[in-house]
*Asks:* 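Structure in structure tokens, see below.
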Amino acid sequence: MLALLFLVYALTEWYFAKKKVRSPREKWTMLILILAFSVWNIIALYSNEWLTPNHLIMLLFGWLDEV
């Protein structure tokens with residue numbers, strides 16, 4: 001439920017930023033990133049095997065903890 005709340009907030013921010021930014025490519029890039037991360041988080045919410053962003057960070061940078 002929290003992921004959906006942040007999705008609505010991010011889309012609202014994108015809508016307001018869309019009016020201020022003049023580059024159409026930047027607007028659509030941000031929308032694609034927002035939607036991709038939202039889909040990733042929603043899948044991680046319903047599937048235990050799916051990597052959450054925190055698990056991915058631990059896999060990538062977990063070796064730093066041992067140093």
Side-chain angles (χ1 to χ4, degrees):
M1 188 57 124
L2 193 59
L4 294 176
L5 178 72
F6 282 113
L7 172 64
V8 170
Y9 177 72
L11 290 175
T12 305
E13 286 293 321
W14 175 79
Y15 176 74
F16 289 123
K18 181 176 79 166
K19 294 179 182 178
K20 295 178 184 177
V21 177
R22 296 187 181 163
S23 172
R25 183 176 179 183
E26 186 176 339
K27 290 185 281 193
W28 293 111
T29 303
M30 286 306 300
L31 179 64
I32 290 170
L33 283 174
I34 289 169
L35 291 177
F37 282 120
S38 298
V39 167
W40 183 16
N41 283 321
I42 290 171
I43 292 173
L45 180 67
Y46 291 111
S47 174
N48 292 333
E49 292 83 27
W50 192 266
L51 288 176
T52 63
N54 291 338
H55 289 131
L56 185 62
I57 290 169
M58 289 300 295
L59 285 174
L60 293 176
F61 299 111
W63 58 272
L64 289 175
D65 194 29
E66 298 173 3
V67 174

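Quick note: residue numbers are just sequence positions, from 1.
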*Asks:* Would Ile43 and Leu35 show up in the same hydrophobic cluster when neighbours are defined by side-chain heavy atoms closer than 4.5 Å?
*Replies:* yes
*Asks:* From Tyr9 OH over to Ile34 CD1, what is the distance, rounded to the nearest 0.5 angstrom?
*Replies:* 10.5 Å
*Asks:* Atom OG in Ser47, atom CD1 in Ile42: separation rounded to 0.5 Å?
*Replies:* 13.5 Å
*Asks:* Going by side chain to side chain contact (heavy atoms under 4.5 Å, CB included), name the residues that satisfy it together with Trp28, two or more places apart in sequence or in a different chain.
*Replies:* Trp14, Leu31
*Asks:* Going by side chain to side chain contact (heavy atoms under 4.5 Å, CB included), name the residues that satisfy it together with Leu51, two or more places apart in sequence or in a different chain.
*Replies:* His55, Leu56, Leu59
